[in-house]
Amino acid sequence: MSKVDIVVFGAAGMLGSDIMEELRARGISAQGFDLADGDITDAASCEALVARTQPRAVINCAAFTDVNGAESHREEALRINATGAGNIARACAAHQVRCVFVSTDYVFDGTKDSPYLESDEPNPISAYGYSKWLGERETAAAAPNHAIVRTSWLYGVRGRSFPATILAAARAGKPLRVVNDQTGAPTYTRDLARALAEVALMSGTGIFHATNGGACTWYEFACEILRRAGVTPVALEPCRTAEYPTPARRPANSRLANVRLAAAGVPPLPPWPDALDRYLAEAGQLAGRQH
Ligand SMILES: NC(=O)c1ccc[n+]([C@@H]2O[C@H](COP(=O)([O-])OP(=O)(O)OC[C@H]3O[C@@H](n4cnc5c(N)ncnc54)[C@H](OP(=O)(O)O)[C@@H]3O)[C@@H](O)[C@H]2O)c1
């Protein structure tokens, strides 16, 4: 019998820490690893950690996640997101362990005018998106028992996130301008952690999209964050991506249809406004109740 049911790489990160909490709440024995335990760019280290724990499944959410920074640190992003993913997948394959790789909507170029299906062809338009796409391919090529779970616009209680940034700026009295021509599904890491636990325990392989339900623009998301938190900004205006240049290009359409997740019997993630309400309460972000 395995000593550990599920190993999580990137366990100290925003998503990883919620996965650890979810697994433990379910009574699943989980072991988390982060950079301090071993660098995923070191193949021998990945092999040693998987060999030592012999889990049923690995969830890999260790990543280079600075989307703008990846443009000027392409090699590092590739080393972590592609080579690192391959190292974990090879270690999984060597020990017949299921390998779940967390990926992103940024593998797509965003030109499709409807939600992306799992079968749609990626065409990344940023260095980060390209590195994650290579990570998907490394994972699929090395580990026969794999699941690639693409998600979008993550926010969580731990780590830097869009809602916390918007709320902090509004509370500091700063006027806000937010892009209104990128559409996607903001996804709460606690809801995604639940879906990832299911995916780790099931047997289906291939690509799965997993996001909270519905879609909005970043501007619409910001409006709802402030309205639901009871914070009135001095100013909140929509703007176009072209007016807010960033080093990395982002897809205009980030919507992901969660078709294969439903077909696999995984309960759908709740609609994004419902997730936002729970986040605001759980993060202590409701007006008058900030930590
Ligand atoms: N955030 C989003 O909006 C979003 C959207 C779609 C998909 N995703 C994907 O979701 C996953 C989780 O994202 P997140 O936002 O939770 O990221 P995060 O908070 O940045 O967590 C990533 C973790 O990986 C660790 N890590 C980085 N390089 C490593 C290495 N070489 N070896 C071992 N560990 C390493 C980091 O450690 P340090 O902090 O010490 O560097 C960190 O704990 C990633 O795969 C990301 O690509 C994120």
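In listed order, ligands and their atoms are each counted from 1. Keep in mind the model is a prediction, meaning the values are calculated, not measured.
Ligand-side atoms of ligand 1 in range of G13: 19 (O), 21 (O), 43 (O), range being under 4.0 angstrom from any heavy atom. The contact set between ligand 1 and T151, taken as ligand atoms under 4.0 Å from a residue heavy atom, comprises 6 (C), 7 (C). Residue A62 approaches ligand 1 through these ligand atoms, each under 4.0 Å from one of its heavy atoms: 24 (O), 34 (N), 35 (C). Which parts of ligand 1 touch A12 is read off a 4.0 Å heavy-atom cut-off, strictly below it: atoms 43 (O). Each of the atoms 30 (C), 31 (N), 32 (N) of ligand 1 lies under 4.0 Å from some heavy atom of D39. The distance from ligand 1 to the heavy atoms of G38 drops below 4.0 Å at these ligand atoms: 32 (N), 33 (C).
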* **Test log, rule side chain to side chain contact (heavy atoms under 4.5 Å, CB included), inputs C61 and V8** => CA-CA 7 Å; C61 50; V8 177; 4.0 Å; yes
* Check the pair S17 / R158 against side chain to side chain donor-acceptor pair (under 3.5 Å), numbers first and verdict last. => CA-CA 8 Å; S17 53; R158 300 176 200 86; 3.1 Å; yes
* Asked: Should D120 and K112 be marked as a side chain to side chain contact (heavy atoms under 4.5 Å, CB included) after you check the CA-CA gap, both sets of side-chain angles, and the distance that decides it?
  -> CA-CA 10 Å; D120 281 327; K112 191 179 176 184; 2.5 Å; yes
* Asked: So R56 and I6, side chain to side chain contact (heavy atoms under 4.5 Å, CB included) or not? Walk me through it.
  -> CA-CA 6 Å; R56 288 166 56 186; I6 298 183; 5.5 Å; no
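Side-chain N/O atoms of T41 and R79 include no donor and acceptor closer than 3.5 Å. Between the side chains of T183 and N253, not a single donor N or O lies within less than 3.5 Å of an accepting N or O. Side-chain atoms of T241 and Q182 form a donor-acceptor pair, as typed in the model, at a separation below 3.5 Å. R250 and N68 are linked by a side-chain donor-acceptor pair at a separation below 3.5 angstrom, with hydrogens and angles left out of the test. At a cut-off of 3.5 Å, with distance as the only test, no side-chain donor of T53 or Q31 sits close to an acceptor on the other residue. Judged purely by distance below 3.5 Å, without hydrogens or angles, the side chains of D105 and S152 never pair a donor atom with an acceptor atom. Between R171 and Q285, the side chains place a donor N or O and an acceptor N or O closer than 3.5 Å (distance only, hydrogens not considered).
Note on ligand 1: A11 sits outside its first shell, no heavy atom being nearer than 4.0 Å. A heavy-atom separation below 4.0 Å is not found between G156 and ligand 1. Not a single heavy atom of G84 lies less than 4.0 angstrom from ligand 1.
Between F108 and Y116, the ring planes are parallel. Angles under 30° get that label, and only those over 60° would be called perpendicular. Using cut-offs of 30° and 60° on the angle between ring planes, the pair Y188 and Y155 is parallel. F221 and W272 have perpendicular rings, their planes meeting at more than 60° on a 0 to 90° scale where under 30° would count as parallel.
The residue F162 has no part lying near ligand 1, judged by heavy-atom distances below 4.0 Å. With a 4.0 Å heavy-atom cut-off, ligand 1 is reached by the side chain of K132 but not by its N, CA, C or O. Under 4.0 angstrom from ligand 1, the non-hydrogen atoms of T65 all belong to its side chain.
Counting protein heavy atoms only, atom 30 (C) of ligand 1 is closest to L35 CD1, 3.3 Å. For atom 47 (O) of ligand 1, the closest non-hydrogen atom on the protein side is Y128 OH, 2.7 Å. Here the protein heavy atom with the shortest distance to atom 9 (C) of ligand 1 is V102 CG1, 3.9 Å. Of the protein's non-hydrogen atoms, the one nearest atom 23 (C) of ligand 1 is G10 CA, 3.9 Å. Closest protein heavy atom to atom 7 (C) of ligand 1: S103 O, 3.3 Å. Among all protein heavy atoms, the one lying closest to atom 15 (O) of ligand 1 is M14 CE, 3.5 Å. Among protein heavy atoms, atom 12 (C) of ligand 1 sits closest to C61 O, 3.6 Å. Atom 27 (C) of ligand 1 has its closest protein heavy atom at A63 O, 3.3 Å.
Between H209 and L261 there is no side-chain heavy-atom pair separated by less than 4.5 Å.
When D18, D66, D34 are checked for heavy-atom proximity to atom 43 (O) of ligand 1, D34 turns out nearest.
Distance check on atom 1 (N) of ligand 1: some protein heavy atom falls below the 4.0 Å cut-off.
Polar contact with ligand 1: present for I40 (N/O pair, distance under 3.5 Å). Polar contact check, L154 against ligand 1: a nitrogen or oxygen pair lies under 3.5 Å apart. Polar contact with ligand 1: present for L15 (N/O pair, distance under 3.5 Å). Inclusion of I80 in the set of residues having an N or O under 3.5 Å from an N or O of ligand 1 is not warranted. In terms of polar-atom proximity, defined here as any N/O pair under 3.5 Å, T41 makes no such contact with ligand 1.
Taking the six-membered ring for Trp and the full ring otherwise, the centers of F162 and W153 sit at least 6.0 Å from each other.
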